[in-house]
Amino acid sequence: MMTDNKTNPKKARNLSAKTERLSEKAQYDHLLADYPNIWKSASDAEVKKIMAFAEHYKSFLNAAKTEREFNREAVSMAEKKGFSSIDTIIALKPGDRVFATIKGKGLLLAVIGKKPMTEGFNILGAHIDSPRLDLKPNPLYEDEEMVFLKTHYYGGIKKYQWTTIPLAIHGLIVRKDGTSLYITIGENDDDPVFYITDLLPHLGNEQMSRKGTDIVKGEDLNVLIGGRPISGKDIKSDYKIAILKLLNEKYGIVEKDLVSAELEVVPAFKARDVGFDRTFIAGYGHDDRVCAYPALMALLDQKTPAKTVICMLSDKEEIGSYGNTGAESMLYENFFMDLFAKTVGEFDHISYRKSLSSAKMMSADVSNGFDPKYASVSDPKNSAYMSHGIKLEKYVGARGKSGTNDANAEYISEVIRVLDQANVRWQTGELGKVDEGGGGTISAFMSKYGLDVIDCGVPVLSMHAPYEVISKADLYETYRAYKVFIENI
Ligand code: MN
Ligand code: MN
């Protein structure tokens, strides 16, 4: 039976005590840090924006699975928005929009601000390479009437995850005569796909008793690409030759051209929504395109910002940022120099160095989303939770913060103030438990210029797997964070 508070004094007393307790709690709310789930407070209009941004992101993921493809797509988007190569411009003025590609595998874009670069500038940095399988220099062989490509994996992977899934081959071949072609096979619905076999469970007793790193060995990541001989001919390697003949007819290449080729084997999956409620997106290479894409979008949105803003998208992060296309390469710095010289009008080394050291940067890279199934590897009080917004990380690194930038208190506080003012939802944490492992990003390399940089990014589930998962709310909030950062810091 229902009772009325007016006629039930005991219940009325309880209610007023409860209200008092509530207001007491509200009184202390500001003392506590709170990082709520975005979906709890998102308005209908906001949910619409989150979902729309996710649709564009998914199309971009499908069009740009490799660093070269990211570069190509981003340049084409930038050119449509009025960006031109920095090499074509002698002097830069506020509002100008320029880019430079780093050998087609890294990219820098800038929008010139109203203030001179000597008063500082803002950088968004992310990487556009993802874990994958690269072909060995001499990859092609036949074995028992089947033809395979040998691979060497790129980045940190669980090797067993790359068997028994549809694979595509993307990459650049430079022929003997110097002409080149870019191939993508396995992405269209009527394309063939490629495949790495695994052992049937019926005969898997010995395999399943090995430790995880050895269930599938590096030398076993061989991709099945064919199984028909040259008909009617009884020659040695007739299965391999049949494939070479096919490749020669279609692409004009011979076996030796594979020595120089950069062919990357990637999952043939398309990005898809996950869940009845479509909260998440599964896709290949969210790491780090889920940061690089919103960073690019935030930059392309800029008209004439107060300070000059730069987006730096680097290659080779997954193998340590080395090489002339990795973040350690001076080619990236050349762009900063070029910008400085072309906006300031003259180049003097010490002013340039001081200008660079006054820059502020967000180093955007994914982090592990807290997964309740694997809770034991994370400190729940210092973890990023799915749909709780962009994760700010004071430091990354491993084994006692080794190899990290470790951002300064003054700078972190400044970043937080700017994000809070715009109601950007952020959270914080570490990669995992102290002794559990760790990882590095490009921030340690950028901090050598003296600029202020903080690690941040989107939480990911199943990071470095062929098919990773992110939350659409985190993707959109990260885009907002980047925009707010470059416009206001
Ligand atoms: Mn990454
Ligand atoms: Mn990674």
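We count ligands from 1, going down the list as the structure has it; atoms in each ligand are counted the same way. Side-chain atoms are counted along with the backbone in the values below, which use heavy atoms only and exclude waters and symmetry mates. Sequential numbering from 1 along the given sequence is applied to the chain's residues.
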Rounded to the nearest 0.5 Å, what's the gap from CG on L431 to CD on E393? Could you check?
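Here the rounded value is 6.5 Å.
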
Compute both the distance and the angle, then confirm whether K360 meets the cation-pi test with F121: under 6.0 Å from the six-membered ring centre, within 45 degrees of the axis.
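Pair K360/F121 does not count as cation-pi.
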
Which is the closest N/O/S atom of D287 when seen from the Mn ion (ligand 2)?
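Relative to the Mn ion (ligand 2), the closest nitrogen, oxygen or sulfur of D287 carries the name OD2.
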
Of all N, O or S atoms in E318, which has the smallest distance to the Mn ion (ligand 2)?
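So the atom name we want here is OE2.
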
Can you name the N/O/S atom of D365 that is nearest the Mn ion (ligand 1)?
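Minimum-distance N/O/S atom of D365 relative to the Mn ion (ligand 1) is OD1.
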
Could you tell me whether any N, O or S atom belonging to D288 is less than 2.8 Å from the Mn ion (ligand 1)?
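Under 2.8 Å: D288 has no N, O or S contact with the Mn ion (ligand 1).
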
Got an N, O or S from H127 under 2.8 Å of the Mn ion (ligand 1)?
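Of the N, O and S atoms in H127, at least one lies under 2.8 Å from the Mn ion (ligand 1), which means yes.
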
Is it the case that the side chains of Y57 and H286 hold a donor-acceptor pair, with the cut-off being a distance below 3.5 Å and no angle test?
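There is such a pair between these side chains.
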
Can you see whether D129 engages Y154 through a side-chain donor-acceptor pair at a distance of less than 3.5 angstrom?
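On atom types as modelled, these side chains qualify, holding a pair under 3.5 Å.
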
Run R480 and E477 through salt bridge (Lys or Arg N to Asp or Glu O under 4.0 Å) and show every step you take.
CA-CA 5 Å; R480 285 190 60 222; E477 208 60 11; 2.8 Å; yes

